[in-house]
Amino acid sequence: SATLTSSNGASTNGASSNGASSNGASRWPAAEVPPLSDEVKAILEERSIDFETSGLKFLTNEARLRSLAVAKKNKAEGIKAQKGGHKMWTEVTELAELIRKGETKWEDLDLDDIDVRLKWSGMFHRRKRAPGTFMMRLKVPNGELTSKQLRFLGDQIVNLGEKGCADITTRANIQLRGMDLTDSAAIFEGLTSVGLSAVQTGMDNVRNMTGSPIAGIDPHELIDVRQLNYEINDMITNFGKGNEELVNLPRKINIGLSPSRDDFPHTHINDVGLKAVHDPETGEVGFNVELGGYFSVKRNTMSIDGNTFVARDQVVAYCKALLEVFRDYGGREDRQKARLMWLVEDWGADKFREMVGARMGGVTLRTAVEEKYDDVWERRDVLGVHPQKQEGFSWVGACIPTGRFFADDFYEFARVADTYGDGTLRMTVEQDVLFPFIPNDKVEEMKKEPIFQKYKIDAGNLTRGLVSCTGAQFCGLAVIETKNRAMAVVEKLEQQLDFPKKIRIHWTGCPNSCGQVQVADIGLMGGPAKLNGKATEGVRVFLGGTIGENPQLASQFEKGIACDESVLLPYLRDIMIEKFGATPKPGVLVEA
Ligand code: SRM
Ligand code: SF4
């Protein structure tokens with residue numbers, strides 16, 4: 001198996017460099033703070049903003065001015081300018097200490113600190129659904145965890161009872177739930193001891209690096225993207241310690257690296273998608289760039305061709321320069337127009353490529369290369385048992401319906417990974433898990449482990465395609481409850497129908513589409529509906545999303561379908577029979 005250098009510590013050889021990769025911080029020398037212009041200085045003085053603690057430090061004066069100009073109408077820019085979210089990396093420990101000593105309470109803390117800035121430390125206050133408790137979002141590049149990390153994470157929620165649980169996210173990442181501020185501050189501190197971190201995971205930061213759940217073991221990949229994902233993550237987060245230079249981006253930004261024709265990370269819906277291709281000049285593997293894909297309440301768009309080819313050894317520098325360009329030139333006026341796509345559209349792909357190349361120190365980046373395939377490639381289902389490229393080994397994928405699991409499961413996953421595999425586990429953007437490096441002669445024994453009664457290796461054709469965002473149980477923006485409902489609906493449909501193949505159902509609690517309904521076969525998005533003349537929880541139905549090569553976004557098919565099982569179940573049953581070839585199970589009475 002590959003030997004990787006990773007601050008994440010999830011390398012298949014088990015080596016953990018714990019926040020201090022040998023390939024070193026010196027590769028990214030600290031940027032100079034652009035000198036303060038008189039104009040900016042005057043505004044800071046007038047508004048009593050301390051430049052040293054503000055989030056404006058690494059911005060150009062032009063970007064500082066744009067941020068300050070909109071600080072009142074764009075609340076997020078105001079909060080970032082006043083005091084950078086990075087201040088919480090140290091303040092959170094001080095606040096926790098004060099709470100522990102009884103000198104303050106979370107209720108008395110500054111609202112912007114507790115509800116917004118703590119997201120720079122991965123702490124998301126669940127004010128609306130569970131006041132005083134936090135969701136903690138980590139960074140797990142390429143979705144790979146070691147058994148040591150799994151046990152550490154289980155330890156953090158094991159004593160929280162029912163409110164403590166975890167989710168695998170749609171970015172193959174972990175979120176822990178149920179901690180109060182003092183607990184989560186301690187976790188924030190402790191994560192680095194196992195090579196993990198939670199810095200820069202919410203608000204206007206780069207989200208978890210996604211790649212391939214079968215990187216390094218896939219017979220069909222062009223390149224193992226784990227090393228690049230770790231290095232990009234290390235660059236973004238300064239080896240998990242926090243990187244002040246990238247804490248004031250105009251908006252969130254998603255980056256994914258796809259090493260095979262499957263496009264496991266859905267590059268088309270990432271702001272930056274790097275797709276592995278062969279360089280016709282050298283035969284080496286590099287990446288074509290796609291730009292601007294994103295979902296939001298107001299706009300859902302696939303990425304466009306970035307007309308850029310990036311060689312493997314340029315990738316980290318390219319991402320770094322791209323983020324700096326986004327930071328300095330991206331729109332800050334209107335949050336609905338601040339995602340990367342708007343800058344790319346404004347400039348065009350060619351100018352964007354030139355600007356990023358200039359930021360790389362005057363590199364002339366090449367335009368995209370062409371890679372043609374004559375055959376049709378269907379995105380592979382990675383659940384179940386599959387031979388690895390390493391002779392004699394398989395990976396075994398198990399389905400975690402909607403990604404929700406608990407402390408005991410962390411321990412069981414760790415034990416299974418240690419007993420049968422190489423002590424690691426991979427997560428997918430479909431919220432499932434894979435165990436790599438299972439010797440072929442151990443597979444049958446492993447399949448008998450009780451944990452796989454709960455999280456099935458051979459889950460049904462609906463369950464294995466199920467994805468769901470957090471929904472109203474914890475998310476304040478949700479219009480409907482999602483995860484529990486999604487599981488109940490699928491269970492009932494699987495009792496009634498047979499399906500010729502997997503059907504991918506994605507649930508999302510509101511139009512932000514964290515559950516990515518637009519990539520699904522059937523997408524269900526929370527929205528208003530009526531039942532017997534009364535307002536009730538409902539869904540908008542999306543159909544026709546395709547993924548893998550040549551993807552298409554699903555479009556809205558119908559709206560106002562009540563979530564009540566008396567309405568939703570027969571509705572979905574008909575769609576599945578009419579459009580997906582489902583047939584009633586023999587002997588099961590399905591009403592007309
Ligand atoms: Fe998301 C905001 C959960 C993936 C688009 N998202 C939120 C918040 C933070 C809102 C909040 O404060 O409550 C949700 C936290 C709820 C909670 O308690 O868990 C939240 N988003 C999630 C997760 C956990 C859904 C899941 O169950 O897996 C995913 C975490 C990924 C991660 O590990 O970082 C998650 N969110 C996504 C994706 C999917 C993706 O990345 O492929 C999208 C659509 C793609 C995109 O971003 O372009 C997405 N989330 C949003 C948006 C809309 C962004 C926009 O430009 O308007 C918001 C709202 C916002 O940022 O203003 C949002
Ligand atoms: Fe919350 Fe909406 Fe995202 Fe679901 S889609 S997690 S309800 S913001």
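Ligands are counted one by one from 1 in listed order, and the atoms in each one are counted from 1 as well.
- Here the heavy atom of the protein found nearest to atom 54 (C) of ligand 1 is Arg339 NH1, 3.4 Å.
- Within ligand 1, counting atoms from 1 as listed, the ones closer than 4.0 Å to a heavy atom of Ser468 are 27 (O).
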Checking Lys454 against Asp409 for the salt bridge (charged side-chain N to carboxylate O under 4.0 Å, His left out) test, could you report, in this order, the C-alpha distance in whole Å, the side-chain angles of both residues, the deciding distance, and whether it holds? CA-CA 10 Å; Lys454 190 170 169 193; Asp409 301 322; 2.8 Å; yes
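- Remark: distances from the non-hydrogen atoms of Met203 to ligand 1 are all 4.0 Å or more.
- The side-chain tip of Arg299 points at the ring of Trp342 from less than 6.0 angstrom away and within 45° of straight on.
- Between Phe124 and Phe134, the ring center distance fails the sub-6.0 Å criterion.
- Taking all heavy atoms of Arg251, Lys252, Arg177, Arg127 into account, the minimum distance to atom 49 (C) of ligand 1 is reached by Lys252.
- Nearest protein heavy-atom contact of atom 8 (C) of ligand 1 is Arg137 NH2, 4.5 Å.
- Contact atoms of ligand 2 toward Ala478: 7 (S) (distance under 4.0 Å to a heavy atom of the residue).
- When non-hydrogen atoms are compared, ligand 1 lies under 4.0 Å from the side chain of Lys119 (C-beta onward) but not from its backbone.
- Among protein heavy atoms, the minimum distance from atom 10 (C) of ligand 1 is reached at Leu477 CD1, 3.7 Å.
- Neither the backbone nor the side chain of Gln336 comes within contact range of ligand 1; no heavy atom lies under 4.0 Å.
- Less than 4.0 angstrom separates some heavy atom of Cys475 from each of these atoms of ligand 1: 13 (O), 16 (C).
- There is no side-chain donor-acceptor pair under 3.5 Å between Thr508 and Gln516.
- Metal site remark for atom 1 (Fe) of ligand 1: Cys514 contributes an N, O or S atom at a distance under 2.8 Å.
- Counting only heavy atoms of the protein, atom 53 (C) of ligand 1 lies nearest to Asn512 OD1, 3.2 Å.
- With respect to atom 32 (C) of ligand 1, the closest heavy atom belonging to the protein is Thr169 OG1, 3.5 Å.
- Of all the listed residues (Gln473, Met135, Arg126), Arg126 holds the heavy atom that lies closest to atom 11 (C) of ligand 1.
- Using a 4.0 Å cutoff on heavy atoms, Ser513 counts as a contact of ligand 2.
- Annotation: Thr201 places no N or O atom under 3.5 Å from an N or O atom of ligand 1; distance criterion only.
- Atom 3 (Fe) of ligand 2 has as its closest protein heavy atom Cys514 SG, 2.2 Å.
- At the shortest separation from atom 24 (C) of ligand 1 among protein heavy atoms lies Gln175 OE1, 3.1 Å.
- Counting protein heavy atoms only, atom 41 (O) of ligand 1 is closest to Arg171 NH1, 3.0 Å.
- Atom 4 (Fe) of ligand 2 has no N, O or S atom of Cys510 under 2.8 Å away, backbone or side chain.
- Of all protein heavy atoms, the one lying nearest to atom 5 (S) of ligand 2 is Thr508 OG1, 3.2 Å.
- The closest approach between any non-hydrogen atom of Asp167 and ligand 1 is not below 4.0 Å.
- No more than 12 heavy atoms of other residues, nucleotides or ligands sit less than 6.0 Å from atom NZ of Lys337.
- Not a single N, O or S atom of Cys475, from either the backbone or the side chain, sits less than 2.8 Å from atom 2 (Fe) of ligand 2.
- Nearest-residue assignment for atom 4 (C) of ligand 1 (options Thr170, Leu138, Asn173; heavy-atom criterion): Thr170.
- The protein heavy-atom contact nearest to atom 26 (C) of ligand 1 is Cys469 CA, 3.8 Å.
- Shortest contact from atom 4 (Fe) of ligand 2 to any protein heavy atom: Cys469 SG, 2.3 Å.
- Side-chain atoms of Thr470 and Arg177 form a donor-acceptor pair, as typed in the model, at a separation below 3.5 Å.
- Residue contacts with ligand 1: Ser513 is included, with a non-hydrogen atom under 4.0 Å away.
- Of all the atoms in ligand 1, the ones that sit under 4.0 Å from a non-hydrogen atom of Tyr294 are 48 (O).
- Counting atoms of ligand 2 from 1 in the listed order, those under 4.0 Å from a heavy atom of Gly509 are 4 (Fe), 5 (S), 7 (S).
- Within the 4.0 Å heavy-atom shell around ligand 1 one finds Gln431.
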Would you sort out whether Phe405 and Tyr455 count as a ring-ring contact (aromatic ring centres under 6.0 Å, His included), showing the intermediate values? CA-CA 10 Å; Phe405 65 112; Tyr455 303 122; 7.2 Å; no
